[in-house]
Amino acid sequence: MRMKAAVLFEQGLPRPYATSRPMVVEEVELDPPGPGEMLIEVAAAGLCHSDLSTIENQRPRPLPIVIGHEGAGIVREVGPGVTDVKEGDHVVTVFAPSCGNCRYCVRGRPNICPTGNAFRAAGQLPTGTRRLKRLDGTPINHNSGLSLYAQYAVVARRSAVKIGKDIPLDDAAIFGCAVMTGAGAVLNTAGLRAGEAVAVVGLGGVGMNALFGAVAAGAERIVAIDTNPQKLELAKQWGATDVFLAGNEDCAAAVRDATDGGLDTVIETAGSVPAMQLAIAITARGGETISAGLPNINAQVSYLHASMVSEERSIRGSYMGSCVPERDLPRLLGLYRRGKLPVDKLKTSHITFDQINEGFDLLSDGAVLRQMLRPNA
């Protein structure tokens, strides 16, 4: 079938993107789903910092490629062997494909499946195929097994989770990345319990969902930190007990003073070296620093090894919120239904293909939380 998609041909083009136009909207060919695959109509896809980092060449990808990894849609066709979903079902997509058979998958850690990661690096679906091409026959690579900045997408069955039709699809889309990553870092990786305290460094879409997760977990104290005063005001409205403006030289000292030496759990969601350094600096003795933000692939952060030992500190990564999608998405959506994860508040605007480059300018400026692309609008 022919459809409209936003294709990235070159990474690292200069800003403003409204001028350099890294995302080229054109008509492309999409082959039908093969064994173990399904065709979905993309209802909504979020503009996420991970997509921005791909545009910036912070995370190199095979080109040309259709990016977009956070979304939801409607099943329109299933391939051979797919029997547990049918046409008309609603799904949330999963950006970390997994094989289901390796030692990581069988131990409940499909988010770090190396098999799925290898297909993603090659620009293929987890089935080892490509279903996208230009009208001249040139193959187009897939992003995270999804490629959602398009009207339709062929995805592997393991790259989507069926959801109830009662949930608005543009809300459901945010669960595909920001909710699993942010709330998952708090609820799964940190295992935060009621009455505990936590700090969140970086208040983008992922960071705000970490804040929501902390509220849902019953945290007694939630410290929110960002460089944007407007986001700090929102954080206070949405449950933060303390807010601090990052970028000030005394920010780390101010947090430590206000929290009796720092916090036992600190979640870093900005994906930058300064944010991670701040997160480590405000972690208390015996505490845990958890990084859920994806930085440049070559970024390095140093720490005092001796104090890590003598103060029993720990540093952990959290990828996709340590989620098992089939287990955690229903649980997270249940919290949403009960008003505990109000992700609808994060939606800044709905955009069309014609606005996608300008949308990434706004995201790069830190002026928005979640813009939702509606490819079929």
Side-chain angles (χ1 to χ4, degrees), residues 46 48-50 53 69-70 92 94-96 98 104 108-113 144 174-194 196-226 231 235 238-240 246 262-273 275-280 282-284 287-295 299 301 313-325 327-336 340-343 346 369-370:
C48 175
H49 271 90
S50 295
S53 67
H69 70 284
E70 176 188 86
V92 170
V94 177
F95 68 83
S98 58
Y104 303 99
R109 304 185 73 184
N111 57 314
I112 56 172
C113 171
S144 296
I174 303 174
F175 283 77
C177 176
V179 178
M180 281 199 292
T181 302
V186 172
L187 300 173
N188 290 337
T189 314
L192 194 75
R193 294 174 295 185
E196 294 184 336
V198 63
V200 179
V201 181
L203 299 175
V206 172
M208 288 300 192
N209 273 288
L211 171 67
F212 292 156
V215 174
E220 181 179 359
R221 194 168 189 182
I222 303 171
V223 176
I225 304 169
D226 198 90
K231 290 182 178 179
W238 296 340
L263 296 109
D264 293 331
T265 303
V266 180
I267 313 288
E268 181 275 319
T269 62
S272 72
V273 170
M276 189 59 182
Q277 290 172 329
L278 176 59
I280 293 171
I282 64 172
T283 302
E288 183 174 49
T289 310
I290 296 172
S291 179
L294 278 174
V301 176
R313 296 170 176 264
S314 61
I315 298 173
R316 296 180 63 186
S318 176
Y319 188 58
M320 203 171 74
S322 304
C323 281
V324 179
R327 177 196 70 194
D328 290 314
L329 274 171
R331 176 173 62 143
L332 295 168
L333 289 165
L335 290 171
Y336 164 84
K340 301 295 186 181
L341 291 177
V343 301
L346 303 178
L369 289 172
R370 262 306 178 270

Handout entry: pair L332-M180: side-chain heavy atoms closer than 4.5 Å
Key = yes

Problem - By salt bridge (Lys or Arg N to Asp or Glu O under 4.0 Å) - contacts of R331 (at least two apart) - result: D328

Handout entry: Student check: side-chain heavy atoms of S50 and H69 closer than 4.5 Å
Key = yes

Fill in the blank from the handout: Nearest heavy-atom approach of T283 to R313 is O-NH1, 2.7 Å

Practice task
Any chance you could measure C177, atom SG, to H49, atom NE2, to the nearest 0.5 Å?
Solution key: 11.5 Å

Name the atoms and distances for all side-chain donor-acceptor pairs under 3.5 Å in residues 198-219, with sequence neighbours left out.
unit_1, atom_1, unit_2, atom_2, d
N209, ND2, G205, O, 2.9

Handout entry: Residues that E268 engages under salt bridge (Lys or Arg N to Asp or Glu O under 4.0 Å), provided they are two or more places apart
Key = none

Exercise for the section: Ignoring hydrogens and angles, tell me if any N or O in the side chain of R370 forms a donor-acceptor pair with the backbone of I174 under 3.5 Å. Expected result: no

Exercise for the section: With sequence neighbours excluded, tell me which residues meet side chain to side chain donor-acceptor pair (under 3.5 Å) with Y104. Expected result: none

Completion exercise
Heavy atoms of N188 and S322 approach each other most closely as ND2-O, 3.6 Å

Exercise for the section: Indicate yes or no: at least one non-hydrogen side-chain atom of Y319 is less than 4.5 angstrom from one of T189. Expected result: no

Problem - Side-chain heavy atoms of I112 within contact of M320, under 4.5 Å - result: no

Problem - Stepwise side chain to side chain contact (heavy atoms under 4.5 Å, CB included) test for I222 and W238 - result: CA-CA 10 Å; I222 303 171; W238 296 340; over 6 Å; no

Fill in the blank from the handout: Smallest heavy-atom separation, L341 atom then A183 atom, equals CD2-CB, 4.4 Å

Exercise for the section: Write out all pairs satisfying salt bridge (charged side-chain N to carboxylate O under 4.0 Å, His left out) with one or both partners inside residues 184-193, taking only residues at least two apart or from two chains. Expected result: R193-E196

Practice task
Report the residues that fulfil side chain to side chain donor-acceptor pair (under 3.5 Å) with R109, sequence neighbours left out, ordered by chain and then residue number.
Solution key: none

Fill in the blank from the handout: In terms of heavy-atom contacts, V273 and A299 come closest through CG2-CB, 4.0 Å

Practice task
Indicate yes or no: at least one non-hydrogen side-chain atom of C323 is less than 4.5 angstrom from one of N111.
Solution key: no

Problem - Closest contact, heavy atoms only, I290 versus A185 - result: CD1-O, 4.4 Å

Handout entry: Distance, nearest 0.5 Å, that separates CZ of F175 from CG of L329
Key = 8.0 Å

Problem - Minimum-distance pair of heavy atoms, taken over all atoms of A270 and A275 - result: CB-CB, 3.6 Å

Practice task
Kindly indicate, with the supporting measurements, whether the criterion side chain to side chain contact (heavy atoms under 4.5 Å, CB included) is fulfilled by V301 and T289.
Solution key: CA-CA 13 Å; V301 176; T289 310; over 6 Å; no

